[in-house]
2 protein chains.
Amino acid sequence: MGYGVTMGRWAPDAAIRLERAALELFSEQGFADTTVPQIAARAGLTTRTYFRHFADKRDVLFLREREFPAVVSAVLADAPGGLTPVDLVMHGFDAVARDGFDDWREAVRARRRIIRSDMHLRERELLKSSALAGAIEGVLVEHGLEARDAALLSSFGVLVFDAALDSWLEGANDRPLHDVLRETRDRLGRLTG
Amino acid sequence: MGYGVTMGRWAPDAAIRLERAALELFSEQGFADTTVPQIAARAGLTTRTYFRHFADKRDVLFLREREFPAVVSAVLADAPGGLTPVDLVMHGFDAVARDGFDDWREAVRARRRIIRSDMHLRERELLKSSALAGAIEGVLVEHGLEARDAALLSSFGVLVFDAALDSWLEGANDRPLHDVLRETRDRLGRLTG
DNA sequence: CCGGTGACGACACGTCGTGCCATCATTCTA
DNA sequence: TAGAATGATGGCACGACGTGTCGTCACCGG
């Protein structure tokens, strides 16, 4: 998804092949002991081509999240009116949680296991969450919220979402992410009084 | 501070000199256009010695925060009893805010300006905040809080602290950080209902 | 049929970060 | 006081990372 209908001249799945090769190699030998030339070779491409699709060695693990800020922004843009700011943000996460996660729990879990195995990958994950918060913050400002409130609230929303994602992945049952999201938000509300 | 009285055989301030050289060079030419050999040369040391004091090129900007997780943990460890978990966390930040920030606002501001100028430095800053949250989470678990609540609450506390630090630095007046911290916590409380 | 477009290959290069050993001033020990 | 131990630094080599640049080659449009 995301690719046009005509699909160019060359195999249009270079980034996908690189991502699959990287996931395999990182699982087999670990992130630190895998080199970019190894990833490119397994995908049938060259090192230079790898760096055309991904900014660095870590970036390949976040291919699926590239559209995430734009998607959340779009969902928030045409949300039902009359919501309080915090409900608007949570509504955006609700919509995303319903669509694109419950069918991919094992894939998300495998990716999360790799990320948690290396500090540098965890670092990049934090930056991606921050970028998501930035996108939400922009929408909130457009909706008239004051800048500082928008920054606070978007960070709060991402905090709840990330924590809910962790609970959802760690749990044995396959409770829908939507439910975990609500429970996490309530739990934090009780904690902070 | 932090160094013993005897102070070793060699100049004991190698890390400090490297930090000062890095701050100068990053301000003069930017982070990306500064090389580690340049930093080491200005500090009168070699590249190899730089990497004995700092894990990588970014780490030199976070020398002052190394003791931060341990300090916050210590403050929380002997906090007055009878506090709710959230008040315990905020009490720790209060204590730190009173001691080590209000006299160094310009220094903190200069460092923050450099960090905000480069995505890679912002990324490292997020990791440091996450490490701080991890330390707080450990203390909360020791106090008997359930694991998931401890993770949520420590992240919440760091969110408030980082946002308050931003407000404190951006403001023109030199309102004590302690006040900004309280105001930020109240503001987020009103936003999230 | 032919020039433009755009992804990929190939090469060179500077920087990053680490392993390894030598140096040398201080401190400890006999 | 002589010699051994300690520990921070210097020096060197090396693999990996990430980028600039040019060339190649399939497809597309006039």
Side-chain angles (χ1 to χ4, degrees), chain A residues 2-22 25-26 28-63 66 114 117-124 127, chain B residues 2-22 25-26 28-63 66 114 117-124 127:
Chain A
Y3 289 92
V5 182
T6 57
M7 287 233 186
R9 294 145 272 208
W10 294 268
D13 58 345
I16 305 285
R17 298 207 315 269
L18 287 164
E19 182 203 31
R20 181 165 48 238
L25 286 166
F26 291 163
E28 296 169 9
Q29 345 171 1
F31 173 76
D33 292 330
T34 301
T35 67
V36 173
Q38 279 178 354
I39 301 171
R42 182 168 291 202
L45 296 168
T46 65
T47 302
R48 192 65 187 86
T49 297
Y50 173 93
F51 284 112
R52 283 198 185 90
H53 287 275
F54 303 103
D56 53 44
K57 185 179 164 186
R58 287 168 277 168
D59 201 40
V60 68
L61 278 171
F62 301 90
L63 174 63
R66 282 189 181 166
I114 296 173
S117 74
D118 192 290
M119 188 188 57
H120 298 96
L121 293 172
R122 168 74 180 148
E123 191 178 20
R124 176 57 51 87
L127 184 64
Chain B
Y3 288 93
V5 182
T6 58
M7 289 231 186
R9 294 148 270 210
W10 293 266
D13 58 346
I16 305 286
R17 298 206 316 270
L18 287 165
E19 182 202 30
R20 181 164 48 237
L25 287 166
F26 292 164
E28 295 169 8
Q29 344 171 348
F31 173 77
D33 292 331
T34 301
T35 67
V36 174
Q38 279 177 355
I39 301 170
R42 183 168 294 202
L45 296 168
T46 64
T47 302
R48 192 65 189 86
T49 297
Y50 173 92
F51 284 112
R52 283 198 185 88
H53 288 274
F54 303 103
D56 53 44
K57 185 179 163 186
R58 285 169 277 168
D59 201 41
V60 68
L61 278 171
F62 300 91
L63 174 64
R66 282 189 182 166
I114 297 173
S117 75
D118 191 291
M119 189 189 56
H120 298 96
L121 293 172
R122 168 72 180 150
E123 191 178 19
R124 177 57 52 86
L127 184 63

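Below, each value reflects all heavy atoms present in this structure, side chains not excepted, and no hydrogens, waters or symmetry copies. In what follows, chains are A, B, ... by sequence order, proteins preceding strands, each numbered from 1.
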To the nearest Å, give me how far apart CG (Asp33(A)) and C1' (dG15(D)) are.
13 Å
Considering only side-chain heavy atoms of Lys57(B), which listed nucleotide, dG18(D), dT9(D), dG17(C), is closest?
dG17(C)
CD of Gln38(B) versus P of dG14(C): gap in Å, rounded?
14 Å
Give me the atom names and distance for the closest heavy-atom approach of Arg66(A) to His53(A).
NH2-O, 2.7 Å
Gap between atoms NE2 and P, on His53(A) and dC8(C) respectively (whole Å)
4 Å
Can you measure Ile16(A) atom CD1 to dA7(C) atom P for me and round it to whole angstrom units?
15 Å
Checking Tyr50(B) side chain against Asp56(B) main chain: does a donor-acceptor pair fall under 3.5 Å?
yes
Which pair of heavy atoms, one from Arg124(B) and one from Phe62(B), lies closest together, and at what distance?
CG-CE1, 3.3 Å
Considering only heavy atoms and no angle criterion, is a donor-acceptor pair shorter than 3.5 Å present between the side chain of Arg48(A) and the base of dG20(D)?
yes
Starting the side chain at C-beta, find the nucleotide from dG10(D), dG18(D), dC8(C) nearest to Asp56(A).
dG18(D)
What's the NE2-C1' distance between His120(A) and dA16(D), to the nearest Å?
13 Å
Could you pick out which residue, Ala55(A) or Thr49(B), lies toward the 5' side of DNA chain D when each is mapped onto its nearest nucleotide?
Thr49(B)
Please find the pair of heavy atoms, one from Leu25(A) and one from Thr34(A), that lie closest to each other, and give the distance.
O-OG1, 3.5 Å
Within this structure, what is the CG-to-C1' distance between Leu45(A) and dG6(C), rounded to whole angstrom?
15 Å
Does the base of dG7(D) carry an N or O that pairs as donor and acceptor with the side chain of Arg52(B) under 3.5 Å?
no
Atom CZ of Phe51(B) and atom P of dG11(D): how far apart are they, to the nearest Å?
16 Å
Rounded to whole Å, OH of Tyr50(A) lies from P of dG9(C) at a distance of 15 Å
